[in-house]
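Everything below concerns the one structure shown next.
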Amino acid sequence: MLLGAIEAGGTKFICAVGNQKGEILEKKSFPTTTPKETMEEVIEFFYDKKIEAMGVGSFGPIDLDKNSKTYGCITTTPKPYWSNYNILEELKKHFDFPINLDTDVNGAALGEATWGSAVGLDSVIYLTVGTGIGGGVYSGGKLVHGMTHPETGHILVRRAVGDKYKGKCLYHGDCLEGMASGPAIEERWGIKGYELPKAHSAWELEAYYLAQGLVNYILIISPKKIIMGGGVMKQEQLFPLIRGEVVKLLNGYVSHKNILGNIEEYIVSPKLGDNAGICGALALALESF
Ligand code: ADP
Ligand code: ZN
């Protein structure tokens, strides 16, 4: 059975054909320009592919309430031209197989639970730290949707002592994304994250903020695994720093072997690597049956 997958990002749309084993058989990227231009290319790519279902993991926020008039719309993005664009409706005009839309990070969480580092677990959080910070939440064997969908990147964090940086979030300034996204690192230090030395104090500060996010997710959702991906997490020295901060901030309160004994296997990178997003969309396609 062939499945279609779209990882709809603010920079590019990755389109792929894959199967129920999570294998990607064909893949092509298109730049994210205007909805008209980008979607024309996406639709043309899938036209003759003989797929039976499609999953779309999209940047957002998106309206996922099936009873809403704007179900399927990208809502408040600062990305020019894409605000209030209904991506699902456009795809449905062209294809009559089932199409399952969710956030890119919810898709990635599902993909990791289906084929990646959280196979067999019914509760997992996937956090991406890149241009923005976003998290997918899979809990009780289901992707979490509520009033809208979780926005784990915009939670409020406690400032590090002496940190005067104003923050980069357009909406909140110094929320987690505002303090720890890739662009926040660049603005704070005046140099891109990947140009900073691995021993720079920037990474301790970065770990301090990201760990606060993780601690809140642990306390609210109690996930069985936390997977951290995205460009910034290519800095592998962050992992031990984050794990250490999580233990310190929890201070023995969540007394579980995952935290106290085995945290190297609890806070991990995506096993699907750079394919976490597109395999996530593939998992969304599979879920549509
Ligand atoms: P996006 O979030 O746009 O999908 P990425 O996850 O690659 O894409 O995130 C891009 C951000 O991550 C940029 O701010 C970039 O500077 C930062 N980044 C990318 N690679 C690295 C790296 N190896 N180390 C630190 N920061 C990185
Ligand atoms: Zn914010």
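Quick note: numbers below take in every heavy atom, side chains included, and nothing from hydrogens, waters or symmetry partners. Order of listing sets the numbers, starting from 1, for every ligand and every atom in it.
Taking the six-membered ring for Trp and the full ring otherwise, Trp82 and Phe13 have centroids separated by under 6.0 Å. Taking the six-membered ring for Trp and the full ring otherwise, the centers of Tyr126 and Tyr138 sit at least 6.0 Å from each other.
For atom 16 (O) of ligand 1, the closest non-hydrogen atom of the protein is Tyr194 CE2, 3.9 Å. Counting only heavy atoms of the protein, atom 24 (N) of ligand 1 lies nearest to Gln235 NE2, 2.7 Å. Given atom 13 (C) of ligand 1, the protein heavy atom at minimum distance is Gly182 CA, 4.3 Å. Regarding atom 17 (C) of ligand 1, its nearest protein heavy-atom neighbour is Val232 CG2, 4.1 Å. Shortest contact from atom 9 (O) of ligand 1 to any protein heavy atom: Gly130 CA, 3.2 Å.
Residue contacts with ligand 1: Thr131 is placed with a nitrogen or oxygen under 3.5 Å of a nitrogen or oxygen of the ligand (distance criterion only). Taking only nitrogen or oxygen atoms, main chain and side chain alike, Trp203 does not reach within less than 3.5 Å of ligand 1.
Side chain of Glu112 to main chain of Leu272: a donor-acceptor pair is present (N/O by atom type, distance under 3.5 Å, no hydrogens or angles). The closest donor-acceptor contact from the side chain of Asp96 to the backbone of Lys92 lies at 3.5 Å or more, if one exists at all. Side-chain N or O atoms of Arg188 include none that pairs as donor or acceptor with a backbone N or O of Gly167 at under 3.5 Å.
Using a cut-off of 4.0 Å between Lys/Arg side-chain N and Asp/Glu carboxylate O, Lys248 and Glu245 are scored as salt-bridged.
Within a 6.0 Å sphere centred on CZ of Phe95, heavy atoms belonging to other residues, nucleotides or ligands number more than 12.
Put simply, no part of Gly9 is less than 4.0 Å from ligand 1, judged by heavy atoms.
Nearest residue to atom 20 (N) of ligand 1 from Gly231, Gly230, Ala184 is Gly231 (criterion: closest heavy atom).
Note: Asn106 CG to Lys142 NZ = 13.5 Å, rounded to the nearest 0.5 Å.
Within His172, the N, O or S atom at minimum distance from the Zn ion (ligand 2) carries the name ND1. Atom ND1 is the N/O/S atom of His154 found closest to the Zn ion (ligand 2).
If you look at Lys234 next to ligand 1, the close heavy atoms, those under 4.0 Å, all belong to the side chain. Under 4.0 angstrom from ligand 1, there are no non-hydrogen atoms of Ser181.
Ile226 and Val232 end up in the same hydrophobic cluster when Ile, Leu, Val, Met, Phe, Trp and Tyr side chains are linked at under 4.5 Å.
Short contacts between ligand 1 and Pro183, defined as distances under 4.0 Å to a heavy atom of the residue, involve ligand atoms 14 (O).
For the pair Glu52 and Phe289, the tightest heavy-atom approach, listed with the atom from each and the gap, is O-CZ, 3.9 Å.
Rounded to 10°, the angle formed at the Zn ion (ligand 2) by SG of Cys169 and SG of Cys175 is 110°.
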